[in-house]
Amino acid sequence: MSILGSLDWNDIFIVPFFTDPSLSTGIAAGAGGIVVLGALAVMVLLTVKGWWKPLWSNWITTLDHKKIGVIYIVLALIMLIRGVLEAVVMRAQQVSPAPGFLSVEHHAELFSTHGTIMIFFVAMPFLTGVINVVMPLQIGARDMEFPFMNAVSLWLSIGGAALVMASLVVGHFETGGWTAYPPYTGIKLSPNEGVDYWIWSLGLTSVGSTLSGINFLVTIYKQRAPGMKLFDMSIFAWATLCTAILMIFAMMPLTVASLMLALDRQAGFHFFTATQGGNMMNFANMFWLFGHPEVYILILPAFGVFSEVIPTFSGKKIYGYTSLVWATIAIAVLSFTVWVHHFFTMGQTAHLNAIFGIATMTIGVPTGVKVFNWMLTMWRGKLRFSTAMLFSTGFIFTFVIGGITGVMLANPTIDFATHNSLFLVAHFHNMLIPGLLFGMFAAVNYWFPLCFGFRLDEKWGRRSFWLWMIGFYGAFMPLYAIGLMGAPRRMAFFTEPAYFPWLVIAMLGALCVLAGLTAQIIQVWVSVKNRESLMVPAGDPWDGRGIEWSLGCPVPEYDFSTIPAMTSREPWVDAKEAGKRVMDPTEFVDIHLPKPTGMPFLVGLVATLFAFAMIFQMWLIAAVGFVAMWVLVLIRSYDTDWEETVTAEELREGYEAHKRLVETTPQIRLDDEFTTKNRGLIMETQV
Amino acid sequence: MTPLGPVAAGERAHLISFFLWMLPISLPILIGTPWIAMRYRRQGGKGKYDPTWSHSVAAEVVIWGGATLTFLIVGWLTWGHVMGEDPYKATGKEPMHVKVIGSEWKWMFIYPGKVAAVNRLVLPENTPVEFDITATGAMQSFWIPRLAGQIYAMPGMGTKMNLTTSEDPSQTYGFNSQFNGAAFPLNKFEVDVVSQEQFDAFLQEPKHPFAQLEKAFKKTATWSGPELFEPPEKGYWGKVMMNPDMLSDGGAAILPDHAPEQKKIDDAIREELHVSQNQHQGDAQ
Amino acid sequence: MSATMSNTGAAHAASHDHGHHDKTGTVIFGFWIFLMSDLIAFSLMIANYADAEWHGIANGPSPHELFSLGLPTIETMALLISTFTFGICTLGMKYGASMKRTVGWLVVTLALGAIFLGIELYEFHEFWTEGNTPQVSGFLTAYYSLVGLHGLHVTSGIIWGILLMVQMKTFGMNDLIKSRLVRLGLFWHMLDIVWIALFTKVYLMGVL
Amino acid sequence: MDYINSDVGMDSAEYKHDMARYVWGFALSVVLTLAGVVIVAGGVFSTGLAWSIVGILGIAQLVIQFWAFMHLDFSKEARPDLYLVLFTFLLIILMAAGTVWVLADLASRMGMGAGSM
Ligand code: HEA
Ligand code: HEA
Ligand code: CUA
Ligand SMILES: [Cu+2]
C-alpha cells in the first residue's frame, strides 16, 4: 500500500470538473477554488502587510482567555459564511426546475456539510468563544483555570474545521446528513472518504469541547472571586456552568459512536452492520444521547446572554433570579432523559414512546418559566432598543413558536406525520436561528467593547436585525406549511407543484437572511473604520450591571487589577448607586500570567495531520502524527518556566490610570447612549 | 394534509388539538412581548418605571403553575394518543397483510400467496391493512402521508405498520423519507385504493415470474420494468429480513465517480420527472 | 494527557503559594472530571456489549462457549494487587517516603499492570487463532473493543508511569511531580474499578 | 484537601490510619472477587440468582474501592468529588441502562432472536 493511503488523483477538487464537466462538478470545483484562493489571498495579505509576526506572537501563541475567545468567534464567522452560502445554494436548488442544477449527491453533500458546520463549527465555537471572553470577567477571575488546555481545545476545534474545509479541496464530505446514520454511512454504501471526514473532524472538535467543558466547570468552581457564592453568580455564569456539565458528559457518546463507526468502516468490525450481529439502532441511540443534550449546549449560553442583555437595556434588575437558575439546572438535567424523541418512528413499544414523549414535554415547563422571566424583566422597565436588545426581544417572540412546534413533535403520534419532514427542519431552524444565533449576535453587540475598546455601529446593527428577523420568517414559516403537506427533508428537488410558491418564499427569505448577514459584515467594517469615534475607553458604555463593566475597555490582559470584593449579587450596580465610578480596589499583589506558547498550536497541527492521515488511511503518517502529538505534550511537561509576573506595582499603575481616565471622562446621559458622545461610563441621570 | 384514512386523520386532529392547548400559555407571550416593548420603551413609553421590581410570589405561582398545567394537559393527551394509536396495533378485525421490502430506490410489496408488485401498492377500500416492513441496504422510512405516519424500514429487522384505507377509492402516493443516496427523490410508489371488485381484478392481472423480479431487483437501481409478478414462496420475506444481502448486490448508495450506474440514475430522474409532472398535478394537497 | 496539559496548577503551587486557592487540588479536581467523562465512554461500551451479547452472536461463539474463568481471575488479581501497591506508593509519597521507596512501589505496580496486559493479550491471541476475530460477529466486536479499550488505558498508564519515573529523576520529588503521581494514581485506581465492572459483566456473567 | 503533602512522617498515627483504609479496601476486594468466582464456578445457585449475587458483589466492590483507594467519603474535603461521582452515576444509569432498555424494547418488536438480527 502506498504511503499516501487511499488518496488519489481524482480526489483533488478540480479534476472531476475536467473529466466530467457539468454545473454540479463546476460548483464543486468553484467552491474548492474559493477555499484555495481564499487561503492564498490571506497568505499574500499577511506577507505583504508583514503581519505574520504579530499574528504569531499576539494571537496564535496566546493563552489569554479573551483572545482565545475572539479567535473562536472569528472561526465561527468564517465557517458561518460557508454554511450560509450552502444554505442559499440549497434553497436555490429547490426552486429551480427539477431536477435542479445539482446532482442528488452533491445536494446531499451540501446539507450534510451545512448541518455539520453550523452545529459544530459555527454554533459551538461561537458560544465557546463568548463564554471564554465573558465568563472569567463575570466571576472575577484572571483567566481560565487551565489556560494551556484552553488553547489546546481551541486548536483542536480549528483543526476539525480545517478538515471540513479540506474536504472541498481533497476528496468529498459525507452525504448522510449531520446525523450520519449507518448502514448508509457504512463502508459498503459509502465507500469514499466522506464519512471519515465527518468522523475525524468531529473527533477533534468533540475532544476540544470536552476539554473546554472541564475548563469552564473547574474555573467556575474554583476561581470565583472570594465571597462570591454560587447564587451570587450572573445568570450567564450559571448558564456556562450547566453548559459545561453538558459538554463534559454529552460529547462522549458522540465520540464513542463515531469511533465505532470508524472501526466498522476500516477494520471490518460489526457494531452497526445489519448482518452478523451488529445493531445500527444503537448508533442512532448513541448519536442522540449526545445530540439532544447538544441542542441545549447550543441554547443555554444564548439564554444566559439574554439574561444579561435584557436587564441592562431595561434598566432593571433581572426578574426571578432564583427561578431562572433552577430552570436552567432543570433543563440541563432533563436534557439527558429525552433522547428517544429523535427516533419515535423506529418501531419501539407505545409505552416507551409515551414515556419519552412526556419526558420531553417536561422541558417546556422550565423553558416557559424562563421566557416569562425575561418578559417580566422588561415589564416596568425603561427599554432601550439597542441592537443587542432588539435581538433579545425578537428572540422571545419567535422562540415560543419553535417551542410549540417542538412540543408537537414530542407527541409521538404527531411525530409519525412530521418526522423527517420539512416541518422538523422548520422547528429546529426556529430554535437555532432566533435562539442560538440571535443570542450570539446579541452577545457580540453587547460585549464587543470589552475586547476591542469600541462599540459596534448601531445603525447597521439594527438593519441587520430587521433583515434577519424578516428573513427568518420568510425562509422557515413556509417550511412548516409544506412540511405538514408531507414534504420530506433532504430532498434535492420536489415535483409537487403545490410546494413551489412556498419554496419561492423560502428562497426569498434566505436571500433576506443573506442580506442581514451582509449588513453585519458592513456593520463590522463601518465600526472598524469609525473606531475612533466609537471608542469607550472608560468602560461600561450601556449602564451595565455585571462586574465586567467595572473594567476599562478594552480590558487589560490581567483583567482585574485587584480581585473585586463581592458584597452582593451586583456589586458594580451598588458602587454606581453609591456614586462611585470605579470599584474600590482590594489588595494589590503580584500575579502570574501564562507566557504565550506555540505549543498548543503545534499540538492542534499535529492532531489535524493525524486525523487527515486517518481519513485517507495513511497509517504510517497517522502513527507518526499520533506519537508526535504526545511527544509535544511530553515536552511541555518539562517546561517549568511558563509564567510571567505582573507586579503589584504595575497593577496599581494600571488601576490609577484607569481611575484618572474615568475621572476625566464627562458623565453623559442615557439618551446619548448610541451617539459618539458615549465614551463609556454612561449612567441614568437623576433628572 | 388532507387525510384519506382514520390514522392520518387522527394524527391531524392531535396536531390541531396540541396547537390549541398551547395557545393559552403562548398567546400572553406572543401578544405581551410586543405590547411591553411598546409600553415600556424609554422614549415615549407610557409604562411606570420600577427598577427594583424583581420578584412576585403571585407571578411565580402563575408562571410555574400555568406551565405545569399546560404540561399536564399535553402530557395526559400524549399518553392517550400513543397508547391508542400504536402503529403495531391492528386498526380492525383481521387486517389484510402486505409484506414490504424497501431497497435502494424501489419498494417491493408482497401480497402473500397472491402477487408481488414493485412500486405499486393497490389496496381495497375501507379495509384495515397491516404492513410488515424490512429493508435491504440502507435504513429507510415507509410513509404514506395521507393514510398514516411513517415507520422505519431497516435491514435485518422487521417493523410493522397498520392503517385503514379510505372509505372510497382514492389515489395517493407513499415514499421513503430517510435519505439513502443517489436516487432518493425517486424512492416513492403509487398507492391506489380501489373497490373490492377492482382489487380482485388486480389480483388476477397477468404476472411475470418471480425469479425475473428477484434477479432484476438486485441489479437495478431505479425500477422502470413491469410491476406485477407471481408471489414468492412462503416465508420469503422472513428470509430477506434475516439475510438482507440476498436481495441486494451490496448496495450502491454512493456510486464511485463516473460509474455507469450514475448516468442511468440521472436518466431515470429525468424520465421520472417527465412522467410525474403530468401525473401528480393535483395530487399534492 | 492531563498530566501536562493541566500542569499549570502544580508548578504554581510548587513555586509559590499565593493565597487565593489551592492549585494542586484544582488540577486534581479537573482530572476527576476527566475520569468521569471517560467513565461515560466505558459505560456506553458496556451497554453496547450487553446488547451484542444478547442478540449479536450471529454465526460466532456465545460468551458461554468462549470464556473460562481461570486466566481472567488471575488477571483480575494482578490488577487488584497493583491498585493496592499504587496506594502504598502514593500514600508513602504523601508522608515523605524516600524517592527510592516511591519508585520501587511504582515499578511493582507497573510490572503487575504489564502482567495483566500480558494475560489479556495472550487471551486475545488464543481467541484470534481459533478464528474468533472481531470481524466474526457483533458480540466479538463488542468484546474486543470493550476489553481492548480498557487494555489501551492500562497501556497508556504504564507508559505514563515510566515517563513519570524519568521525570522524577530529572526534577526530584517536587510538588509538580507529586501531583502528577497522584493523578496517575487516580487513573490507575479508576482502571481497576472499571475492570471490576468488566470482569463481572463479561466474564462472571458470561460464563454463567 | 492536601493530596500530596503531609506535615508528619510515615511513623505517624495518620499514616497508619490511612494505610489501614487501603488494607481494608484491598482485603475486601480480594474476598468479594473470589466470592464471585466461587459462586460462578461452584454452580450451586440457579443462574438467575447467581447473576444477581454476582452483580451485587460487583457493585459492593465498586463502592469499596471508591472509598478505599480514591478517598471518597462524606468528609468535607471529598464532597465535591463525591457529588461529581454521584452525578456521573446518575448519568450512567440514564445513558447505559437507558440504552439497554431502549435496545431491548426495540428488539422485542423486530423479530430479532439471539444469534440473528
Ligand atoms: C446553527 C445551525 C443552523 C443555522 C444557523 C442554519 C441556517 C440556515 N439553514 Fe440550516 N440546517 C442546520 C442547521 C442550521 N442551519 C442543520 C443541523 C440541518 C440539517 C442537516 C441535515 O439534514 O443533516 C440544516 C439543514 C438545512 C437545509 C436542508 C433541509 C432539508 O433537509 O431539506 C436547508 C435548506 O434550505 C437549510 C437552510 C438554512 C438557511 C436558509 C439558513 C439561513 O437562515 C441562515 C444562514 C445565515 C446565517 C447563519 C448568518 C450568519 C451570521 C453571521 C455571519 C453573523 C455576522 C457577525 C457578527 C455579528 C459579528 N438548512
Ligand atoms: C437550539 C436548539 C433546539 C432547541 C432549544 C430545541 C428545543 C426543543 N425541541 Fe428540538 N430539535 C433541534 C433543536 C432544538 N430543539 C434539532 C436541531 C432537531 C433535529 C435534528 C435533526 O433531526 O437533524 C430537533 C428535533 C426535535 C425533535 C425530533 C423530531 C423528529 O426528528 O421527528 C423533537 C421531538 O420531540 C423536538 C422537540 C423539542 C422540544 C420539546 C423542545 C423544547 O425544549 C422547547 C421548549 C420551549 C417551549 C415549549 C416554548 C416556551 C414555553 C412555554 C410557552 C410554556 C408552556 C409550554 C409547555 C409547558 C409545553 N426537537
Ligand atoms: Cu432491530 Cu431495527
Ligand atoms: Cu432533541
Side-chain angles (χ1 to χ4, degrees), chain A residues 10 16 20 98-99 104-105 177 181 183-184 188-190 192 274-275 315-317 319 345-347 350 353-354 357-358 361 364-365 368-369 371-372 375-376 378-384 393 396-397 400 404 407-408 411-414 416-417 420 484-486 488 490-493 495-496 498, chain B residues 1 11 14-15 18 22 26 29 32-33 36-37 40-42 48-54 59 63-64 67-68 71 74-75 78-79 81-83 85-86 138-139 141 145 149-152 155-156 159 177-180 182 184-185 244-245 250-251 253-254 257-258 269 273 276-277 280 284-285:
Chain A
N10 250 316
D20 174 25
V104 175
E105 304 228 332
Y181 281 10
Y184 180 71
K188 235 161 139 191
L189 298 181
S190 294
N192 72 24
T275 50
K316 198 164 155 280
K317 217 164 146 175
Y319 173 87
T345 53
M346 194 116 83
N353 267 353
I358 293 170
M361 293 168 193
V365 177
V369 167
V371 174
F372 278 105
M375 258 176 74
L376 289 176
M378 290 164 70
W379 165 266
R380 296 199 182 161
K382 275 193 181 173
L383 312 179
R384 290 121 59 207
T393 321
I396 297 181
F397 185 84
V400 173
I404 294 174
V407 174
M408 291 176 175
N411 178 335
T413 57
I414 299 176
F416 290 145
N420 271 348
L484 287 181
M485 297 178 193
R490 297 176 177 168
M491 283 287 263
F493 52 82
T495 47
E496 281 69 19
Chain B
M1 198 62 192
E11 284 160 359
H14 301 163
L15 192 121
F18 255 54
M22 279 185 288
S26 314
I29 303 172
T33 310
I36 291 176
Y40 291 97
R41 67 192 193 278
R42 182 183 156 84
K48 186 168 117 263
Y49 181 45
D50 185 355
T52 54
W53 188 80
S54 66
I63 296 170
W64 283 95
T68 308
F71 158 69
V74 291
T78 300
W79 187 266
H81 295 166
V82 178
M83 288 307 171
E85 280 157 54
D86 183 358
M139 197 157 155
S141 189
Q150 62 204 303
I151 206 94
Y152 283 173
T159 46
S177 71
Q178 178 78 24
F179 184 80
N180 65 343
F184 171 65
D245 285 350
I254 291 195
D257 289 336
H258 325 294
I269 290 178
L273 291 173
S276 63
Q277 252 155 17
H280 279 298
Q285 310 82 47

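Residue numbers start from 1 in every chain, and the chains themselves are labelled A, B, ... in the order their sequence lines are given, proteins ahead of strands. Because the structure is predicted, anything quoted here is derived from the model rather than measured. Basis for what follows: all heavy atoms, side chains included, without hydrogens, waters or symmetry-related copies.
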Legend entry - Shortest non-hydrogen contact between N180(B) and Y184(A), atoms and distance: C-CE1, 3.4 Å
Legend entry - Separation of M361(A) CE from F71(B) CZ (nearest 0.5 Å): 8.0 Å
Inset, instruction - Verify, without hydrogens or angle tests, whether E11(B) (side chain) and I414(A) (backbone) share a donor-acceptor contact under 3.5 angstrom. - result: no
Inset, instruction - Starting at CG of D245(B), measure out to NZ of K188(A) and round the result to the nearest 0.5 Å. - result: 3.5 Å
Inset, instruction - Measure the shortest side-chain to side-chain distance between F416(A) and H14(B) over non-hydrogen atoms and say whether it is less than 4.5 angstrom. - result: no
Legend entry - Proximity breakdown for V369(A) and chain B, heavy-atom pairs closer than 4.5 Å: both
Inset, instruction - To the nearest 0.5 Å, tell me how far Y49(B) OH sits from K382(A) NZ. - result: 6.5 Å
Inset, instruction - Please look at V365(A) and chain B and tell me whether the side chain, the backbone, both or neither of the residue comes under 4.5 angstrom of a heavy atom of that chain. - result: both
Legend entry - Proximity breakdown for Y181(A) and chain B, heavy-atom pairs closer than 4.5 Å: side chain
Inset, instruction - Decide yes or no for V400(A) and T33(B): does some side-chain heavy atom of the first lie under 4.5 Å from some side-chain heavy atom of the second? - result: no
Inset, instruction - Report the residues that fulfil side chain to side chain contact (heavy atoms under 4.5 Å, CB included) with R380(A), sequence neighbours left out, ordered by chain and then residue number. - result: K316(A), Y40(B), K48(B), D50(B), W53(B)
Inset, instruction - Side-chain contact test, heavy atoms from C-beta onward, threshold under 4.5 Å: evaluate it for T413(A) versus T78(B) and give yes or no. - result: no
Inset, instruction - Please round to the nearest 0.5 Å and tell me the distance separating atom CD1 of I36(B) and atom CE of M375(A). - result: 4.0 Å
Inset, instruction - Please state whether the side chain, the backbone, both or neither of S141(B) comes within less than 4.5 Å of a heavy atom of chain A. - result: side chain
